[in-house]
Amino acid sequence: MANPTGIGASILRKEDRRFILGRGNYVADLKRPGLSVGVFVRSPHAHAVLRFIDAAPALAIPGVLAVLTGADLLADGVGGIPCGWGITGKDGLPMKEPPHPAMAQGKVRYVGDAVAFVVGETDELARQGAEALIVDYEVLPAAVGVLDALRPDAPLLFDDVPGNLCCDWEMGDRAAVDAAIAGAAHVARISLTNNRLIGNPMEPRAAVAEFDSAADRTTLWTTSQFPHVVRLLMGNFVLGIPQHKLRVVAPDVGGGFGVKQFHYAEEAVLTWAARRIGRPIKWVCERSEGFISDAHGRDHVTEAEMALDESGKFLALRVSTLANMGGYLSTFGPNIPTNLYAPLLAGVYTTPLIYCEVKCVFTNTVPVDAYRGAGRPEATFLLERLVDVCAADLGMNRIAIRRRNMIPTEAYPYQTPMLVEYDSGDPMGCLERALAAADWEGFPARRQEAARRGRYRGIGISTYVEACGLAPSRLAIRMGARGGLYESATVRVHPTGEVTVLIGTHSHGQGHETTFAQIVSEKLDIPVERIDIVFGDTDRVQFGMGTYGSRSLVVGGTALSKATDKVILKGRKIAAHQLEASLEDVVFEGGRFRVAGTDRSRSFEEICLAAYVPADFPLEILEPGLEEQAFYDPVNFTYPGGAHVAEVEIDRETGAVQLLNYVAVDDVGTVINPMIVAGQLHGGIVQGVGQALCENAVYDEASGQLLSGSFMDYCMPRADMLPRMEIRTHSTRCTHTDLGTKGCGEVGTIGSPAAVTNAIVDALSVLGITHVDMPASPNRIWRIMQNASLPRAAE
Ligand code: MCN
């Protein structure tokens, strides 16, 4: 009988009990003896010289403990916030990497740039101190959008970064692509923007720092997706605290979506300040503060051309993108629009020649970094919009052109012209299943019926491939990563057969306490209730690179699988000794160690106990104990893929878009927990729908003020915007992960923006409209409809 809590079982999440009971353990809830409270004073200007800060009025308030500024950081020799990736430009030179002080020094570069940290006995006193602070700015003109920042007369953010250009990067064979485009029968073109997004996890960021001078130990509790990396970056590069003297804990974290996978300046300031004033300090980010201090996502302006032959075969793709970096380089900033974007531009198609150039541009806005999908939704949006334009230009059916160019299943492993080799996949299988589930064939009747009701109805498709499971260290380091991207797991088997797993990934909504336990349950044949998953504490867990890039299962889970296999091997050695058999003859099956072909066996529990009661072990060849560890560095990314179909109706009077049907068929390899995978897909799709329909971080072009800086102006997707979704998997095994798994955490966000936008453009095609930028807000659609030509002959 299959293991009821093993791989493939849709069991409920183990962690939900404490969350449902309100017993989660979040940073903001933490209490420490003598805890003080810190608040950041942030620049109200996008670009200004910081003339002086007068702390005296704040310090005069009883209960205000300290006012710390960039000058104090400098005086204490505190380093800048490091960037984790260094990319190289077309000219062979490294990107421009100006210093990123943890609090502004000399200049502020975006609204929200921290200028001071005020510590008080209470939150109220800290805020009073912040109010009393006098900060004198000399306001400078700001460069806000990428196009503005690249103008010859644009204000410069950094004196030594000419033209605000961080890096002019490229991938692919430009000459070959130019030649193919020049000679092609047809060239389809598109210009689009990929709108800037703000992550807004349910729990805003927070941190508590404490210094124990007697033990010379510093602890930082922080809402992080990668505590070991924070310890490494902050301890080593910013504050100079030896790793063994620094503990970073990321306890329960209420969502991250990428936003919490950076080493933030606030973490360093808090830790430094706690050591300096000798008191533990807590900082909890306000929601409105998060809008101007959490790293933002996306923000591209792109032009692309696809060369085709007469039959609609793709010959060459040329892409030119301007990517906004914001005011400073965040941890993964320059990596996202380059290495995580260009390699995905082949998508699921056989396009033989691709060239992509990306200008990474500094602007007076919040730094831009990874947000769920990170680079890959941008690539998919561009490609899938362009494929629809190709079809429209040639008068071809949108499905026919996709089928014509799709990588056939038998062509896998498939080497793309953009570095990556897809190991497995079945894009055609996903496409056909999605079309059937969405009743694509029946759409014309639904469109006619909607037209009778006076509404425009459209259907859109997006096929995609993702590279996730970051990453083979060898490849990543070649591409500019300044660290490895392996993962580690320790499997500690207790004398009574229960298991504690110590793993370097971090779960903040993904359900690792359940799915990782399912892997061990499957392998050791014990129920998940007997397995605990520990993560998020550098004092408890050996090391880890954390959770992002949908890497936890395929990298962390593979490390776990390998460590569990080592436990089984050790168990077999103990059983071989006890049963007086040779190791080769001992098998582990059905929860027992057995001498093959005999009835001589020991239960798992008997072997666990024996491991810790080694009465007659041959100690020279068999150690006591049952605990094993594995560090796993993958040989390739994993390549999930799929096809998403969206169907919409548009109100002619208001421009409001209603999403009526959504179908997703995704290939995520072996599924550990179908319910969790469905939940991940559902959540990801909703985030993509949010980008397509309503979310937008809008800056005032002149002043650099964030106009959508609250939930009144930044529109999150809501339940009533969404239909019931049809979510299915159609999996092919990954060929290089132990269990055949591929990541699933971001795929929903990657497939959905293009599916929804393609449906909207399809609905409006009767008005001659060929492209709509995201988000398709009622206002935008209404204006587009007003400016459109008269309806073509009704379809
Ligand atoms: N899983 C599975 N079978 C598969 C693939 C995955 O059962 N074939 C399970 C995994 O074991 C894990 C979950 O699905 O429990 C997600 O796995 P994975 O694809 O490895 O992604 P990660 O755990 O690494 O999560 C990261 C990913 C990213 S990059 C973002 S951003 C994101 C996301 O996951 N942020 C999230 N999902 C989120 N979900 C919640 N609730 N909150 C976030 O902040």
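What's counted below: heavy atoms across the whole structure, side chains too, no hydrogens, waters or symmetry copies. Because the structure is predicted, anything quoted here is derived from the model rather than measured. Order of appearance sets the numbers: ligands from 1, and atoms from 1 within every ligand.
Counting the atoms of ligand 1 from 1 in the order shown, those under 4.0 Å from a heavy atom of T670 are 3 (N), 4 (C), 8 (N). Annotation for ligand 1: atoms under 4.0 Å from non-hydrogen atoms of G743 are 19 (O). Against a heavy-atom cut-off of under 4.0 Å, H508 is close to the following atoms of ligand 1: 42 (N), 43 (C), 44 (O). For ligand 1, the atoms sitting less than 4.0 Å from at least one non-hydrogen atom of H512 are 12 (C), 15 (O), 22 (P), 23 (O), numbered in the order shown with element in parentheses. Against a heavy-atom cut-off of under 4.0 Å, E746 is close to the following atoms of ligand 1: 28 (C), 29 (S). The distance from ligand 1 to the heavy atoms of G258 drops below 4.0 Å at these ligand atoms: 31 (S).
Considering T737, D667, T670 in turn, D667 is the only one that fulfils the side chain to side chain donor-acceptor pair (under 3.5 Å) rule with K742.
No donor-acceptor pair under 3.5 Å is formed between the side chain of T515 and the backbone N or O of N673.
Ring planes of Y639 and F637: perpendicular class, angle over 60° (limits at 30 and 60°). In this structure, Y662 and H644 have perpendicular ring planes: the angle between them is above 60°, well past the 30° mark.
Closest to atom 12 (C) of ligand 1, if we only count protein heavy atoms, is Q510 O, 3.4 Å.
Aromatic rings from H300 and Y341 are positioned such that their centres are separated by under 6.0 Å.
In terms of polar-atom proximity, defined here as any N/O pair under 3.5 Å, F516 makes no such contact with ligand 1. On a distance-only criterion, Q680 and ligand 1 share at least one N/O pair closer than 3.5 Å. Any N or O atom pair closer than 3.5 Å counts here, and V677 shares no such pair with ligand 1. Checked against a 3.5 angstrom limit, the closest N/O atoms of G256 and ligand 1 fall inside it. Polar contact check, C744 against ligand 1: a nitrogen or oxygen pair lies under 3.5 Å apart. The shortest N/O to N/O separation between K742 and ligand 1 falls below 3.5 Å. In terms of N/O distances under 3.5 Å, ligand 1 is not approached by Y548.
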List the steps and the verdict of ring pair (Phe, Tyr, Trp, His ring centres under 6.0 Å) for F535 and F516.
CA-CA 11 Å; F535 55 88; F516 289 171; 8.5 Å; no
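At a cut-off of 3.5 Å, with distance as the only test, a side-chain donor of Q691 or N194 sits close to an acceptor on the other residue. A side-chain donor from one of Y464 and D666 sits under 3.5 Å from a side-chain acceptor of the other.
Under a 4.0 angstrom heavy-atom cut-off, G255 registers as being in contact with ligand 1.
Under a cutoff of 6.0 Å and an axis angle of 45°, R551 and Y548 form a cation-pi pair.
The heavy atom nearest to atom 1 (N) of ligand 1, out of those in L681, V554, L553, V259, is found in L553.
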